[in-house]
Amino acid sequence: MANTHLRFTPARPNPSLRRSLLPLSTMSPSSASKSDDLDLTSSSLEILGARRSLLSRFVSLQTPYKPFPVLAWNRHIETIFASFYRSLPVVKLRRECLRTKDDGAVALDWVSGDETQIPFDSPVLILLPGLTGGSGDTYVRHMLLRARNKGWRVVVFNSRGCADSPVTTPKFYSASFTDDLCEVASHVSTRYPKSKLYAVGWSLGANILVRYLGQESHNCVLSGAVSLCNPFNLPIADEDFHKGFNNIYDLALARSLCKIFKKHALLFEGIGGEYNIPMAANARSVRDFDEGLTRVTFGFKSVDDYYYNSSSSRSIKDVSIPLLCIQAENDPIAPSRGIPRQDIEENPNCLLIVTPQGGHLGWVAGHAAPFGCPWTDPVVMEFLEHLHNQGDEKTSAEYHSDELCGINQSSDSSITVHIQ
């Protein structure tokens with residue numbers, strides 16, 4: 001029986017050649033027609049994308065989206081509740097510090113013991129937290145634990161300065177900066193050459209991930225990815241960030257950025273140029289921090305120039321691997337009007353799910369609500385397992401040619417420390 005709670009938007013054909021989300025042979029005409037004939041009167045999810053019919057088979061989508069009572073009536077309440085009261089799974093981690101080509105460093109947190117307990121060729125999942133986030137965030141831990149319990153090797157990519165990741169140069173990270181992710185992906189693929197790599201990103205981490213997918217396009221070493229709560233269009237997100245209650249989020253994130261900066265302020269002593277260090281150190285908004293530090297570091301002439309050219313909405317059309325995007329219609333930080341629906345619709349590799357509620361990084365819904373994992377986790381895992389299992393069933397020639405799967409070799413420039 002068809003899922004009547006899903007709303008499917010008709011897809012526009014695109015003749016461009018990319019790595020397909022699914023072999024066409026797996027889509028029968030009957031299944032396609034069923035998805036187009038769904039009853040829209042009881043819809044609760046917006047589903048968009050050329051291969052959207054495959055979602056009708058997902059167990060995680062067999063029941064309607066049911067937000068937890070009381071919390072879901074207000075997007076800010078749901079966002080704040082999830083941030084403060086979602087449970088934090090206990091996971092023992094092993095930290096690896098990776099030296100980058102520009103003498104910077106990032107921290108990779110692996111599940112301790114997996115180097116011997118997980119088969120060498122198991123799939124690897126790279127997790128990219130949101131702005132100032134890291135391996136200690138609840139939504140990251142829940143996804144990590146779910147994938148690990150499925151037998152996947154998982155690593156959290158903590159950006160420079162986040163989760164106590166070392167900062168060794170006067171350079172943090174930004175919405176535009178994909179170099180570190182390129183090096184991390186290359187490093188992981190070199191370490192596990194027989195494994196397929198996948199990635200999940202949240203919020204700013206999702207923006208960086210999608211930019212990376214578009215930038216690498218046919219040379220991407222990943223076999224699939226998921227973007228969650230992606231702000232996509234940063235000028236629109238910035239505009240909404242300064243409205244009403246959103247100013248509270250803006251101030252909170254600015255304080256987190258300032259806290260990270262002040263730990264490493266000596267690296268910026270006497271740096272000169274267009275930097276405005278006092279503005280960054282005392283920023284009352286993310287925009288102030290970006291004006292004083294970020295846009296200068298990464299060579300943008302203004303904050304608006306930085307936001308426009310760092311928006312991952314501009315990268316969707318170049319994505320050449322399977323990508324699932326999940327957004328909340330009422331997200332206060334990643335506005336629904338900024339979602340590049342047309343580009344997603346026209347790219348045969350992309351799928352979009354928009355939930356009616358969820359807030360930002362909330363999604364307090366489903367059987368695990370209110371304190372358990374986000375509603376998205378089972379959907380994300382089912383999507384990734386589907387991609388991986390389909391890949392195992394097909395020959396590599398059907399999915400990847402040598403031209404599409406170039407892998408850059410990384411130097412052995414990492415050191416390892418342990419954290420609990």
Side-chain angles (χ1 to χ4, degrees), residues 91 93-102 104-112 114-115 122-148 152-169 171-192 195-213 215-216 220-230 256 260 312 321 323 361 380 384 407-408 410-411 413-419:
V91 183
L93 301 173
R94 172 181 59 85
R95 171 157 291 187
E96 175 187 9
C97 293
L98 180 68
R99 178 73 69 174
T100 59
K101 294 176 181 177
D102 64 352
V106 297
L108 304 179
D109 288 342
W110 305 81
V111 177
S112 181
D114 276 4
E115 61 272 20
S122 296
V124 181
L125 181 61
I126 303 172
L127 303 181
L128 289 79
L131 181 62
T132 73
S135 56
D137 289 350
T138 58
Y139 60 89
V140 175
R141 288 283 185 95
H142 276 285
M143 190 70 245
L144 181 153
L145 191 62
R146 180 174 294 270
R148 176 60 184 81
W152 288 46
R153 194 184 310 277
V154 189
V155 58
V156 182
F157 166 27
N158 301 291
S159 294
R160 305 182 189 205
C162 298
D164 293 323
S165 179
V167 178
T168 56
T169 65
K171 182 178 183 178
F172 290 114
Y173 72 111
S174 74
S176 66
F177 189 55
T178 60
D179 289 7
D180 284 353
L181 178 53
C182 286
E183 292 195 49
V184 168
S186 177
H187 172 74
V188 174
S189 67
T190 301
R191 174 172 292 183
Y192 298 103
S195 298
K196 289 187 177 181
L197 273 57
Y198 303 85
V200 175
W202 293 266
S203 197
L204 190 72
N207 189 83
I208 294 171
L209 174 59
V210 173
R211 277 183 51 80
Y212 163 78
L213 298 180
Q215 171 187 297
E216 294 300 299
C220 185
V221 301
L222 301 179
S223 295
V226 179
S227 162
L228 300 156
C229 288
N230 191 338
S256 295
I260 292 174
S312 61
I321 67 165
L323 171 66
L361 300 175
V380 170
L384 294 174
I407 297 178
N408 297 322
S410 63
S411 59
S413 56
S414 62
I415 57 177
T416 299
V417 296
H418 297 268
I419 66 172

Would you name the heavy atoms of [X] and [Y] that are closest together and state the gap between them?
{"X": "T132", "Y": "Y173", "value": "N-OH, 3.0 Å"}
{"X": "S227", "Y": "L323", "value": "N-CD1, 4.1 Å"}
{"X": "L209", "Y": "A225", "value": "CD2-CB, 4.1 Å"}
{"X": "G134", "Y": "V156", "value": "C-CG1, 4.3 Å"}
{"X": "S195", "Y": "S122", "value": "OG-O, 2.7 Å"}
{"X": "V154", "Y": "A147", "value": "CG2-CB, 3.7 Å"}

*Applying the side chain to side chain contact (heavy atoms under 4.5 Å, CB included) test to L197, which of P123, S189, S223 qualifies?*
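Of all the options given, the one that passes is S189.
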_Among D109, V106, L127, exactly one meets side chain to side chain contact (heavy atoms under 4.5 Å, CB included) together with N158. Which residue is that?_
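It is D109; the other options fail the test.
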_R191 and E96 ion-paired at < 4.0 Å_ =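 The answer is yes: the pair qualifies as a salt bridge.
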_Salt bridge present between E115 and R153 (N-O < 4.0 angstrom)_ =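 Not counted as a salt bridge, because no side-chain N and carboxylate O are separated by less than 4.0 Å.
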*Taking the side chain as C-beta and beyond, is there a heavy-atom pair between V155 and L125 under 4.5 Å?*
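Side chain of V155 against side chain of L125, heavy atoms only: no contact under 4.5 Å found.
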_Close side-chain approach of S165 and S159, heavy atoms under 4.5 Å_ =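 No, every pair of side-chain atoms sits at 4.5 Å or beyond.
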*Test V111 against W152 for side-chain contact (heavy atoms from CB on, under 4.5 Å), laying out the working first.*
CA-CA 10 Å; V111 177; W152 288 46; over 6 Å; no
*Starting from the C-alpha separation in whole Å, work towards a yes-or-no answer on side-chain contact (heavy atoms from CB on, under 4.5 Å) for M143 and V380.*
CA-CA 9 Å; M143 190 70 245; V380 170; 3.9 Å; yes
*Mind checking salt bridge (charged side-chain N to carboxylate O under 4.0 Å, His left out) for D114 and listing every partner two or more places apart, or none if nothing turns up?*
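D114 satisfies salt bridge (charged side-chain N to carboxylate O under 4.0 Å, His left out) with R148 only.
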_Pairing residues for Y139 by the ring-ring contact (aromatic ring centres under 6.0 Å, His included) criterion, not counting sequence neighbours_ =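 For Y139, the residues satisfying ring-ring contact (aromatic ring centres under 6.0 Å, His included) (neighbours in sequence not counted) are W202.
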_When you compare the side chains of T100 and R160, does any donor N or O come within less than 3.5 Å of an acceptor on the partner?_
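Side-chain D/A pair, T100 to R160: present.
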*Do you see a donor-acceptor pair shorter than 3.5 Å between the side chains of S312 and N230?*
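Checked: S312/N230 side chains pair up, N/O donor to acceptor below 3.5 Å.
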*asked:* side-chain contact (heavy atoms from CB on, under 4.5 Å) for F177 and I208? Distances and angles first, verdict last.
replied: CA-CA 7 Å; F177 189 55; I208 294 171; over 6 Å; no
Separation between [atom1] of [X] and [atom2] of [Y], rounded to the nearest 0.5 Å:
{"X": "L93", "Y": "S112", "atom1": "CG", "atom2": "OG", "result": "8.0 Å"}
{"X": "S176", "Y": "N207", "atom1": "OG", "atom2": "CG", "result": "9.0 Å"}
{"X": "L228", "Y": "S203", "atom1": "CG", "atom2": "OG", "result": "10.0 Å"}
{"X": "R141", "Y": "S135", "atom1": "CZ", "atom2": "OG", "result": "6.0 Å"}
{"X": "F157", "Y": "L128", "atom1": "CZ", "atom2": "CG", "result": "6.0 Å"}
{"X": "L108", "Y": "I126", "atom1": "CG", "atom2": "CD1", "result": "8.5 Å"}

*asked:* Under the side-chain hydrogen bond (donor to acceptor under 3.5 Å, both in side chains) test against T178, which residue among R211, E183, Q215 passes?
replied: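 Among R211, E183, Q215, the one meeting side-chain hydrogen bond (donor to acceptor under 3.5 Å, both in side chains) with T178 is Q215.
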*Between the main-chain N or O of C182 and the side-chain N or O of S186, is there a donor-acceptor pair closer than 3.5 Å?*
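Not confirmed, S186 side chain does not pair with C182 backbone.
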*asked:* For a side-chain contact (heavy atoms from CB on, under 4.5 Å) check, start with the C-alpha distance between C220 and Y212, then their side-chain angles and the critical distance, and finish with the verdict.
replied: CA-CA 8 Å; C220 185; Y212 163 78; 3.8 Å; yes
*Does L145 have any side-chain contact (heavy atoms from CB on, under 4.5 Å) partners at least two apart in sequence or in another chain, and if so, which?*
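Checked L145 against side-chain contact (heavy atoms from CB on, under 4.5 Å); matches are P89, V91, N149.
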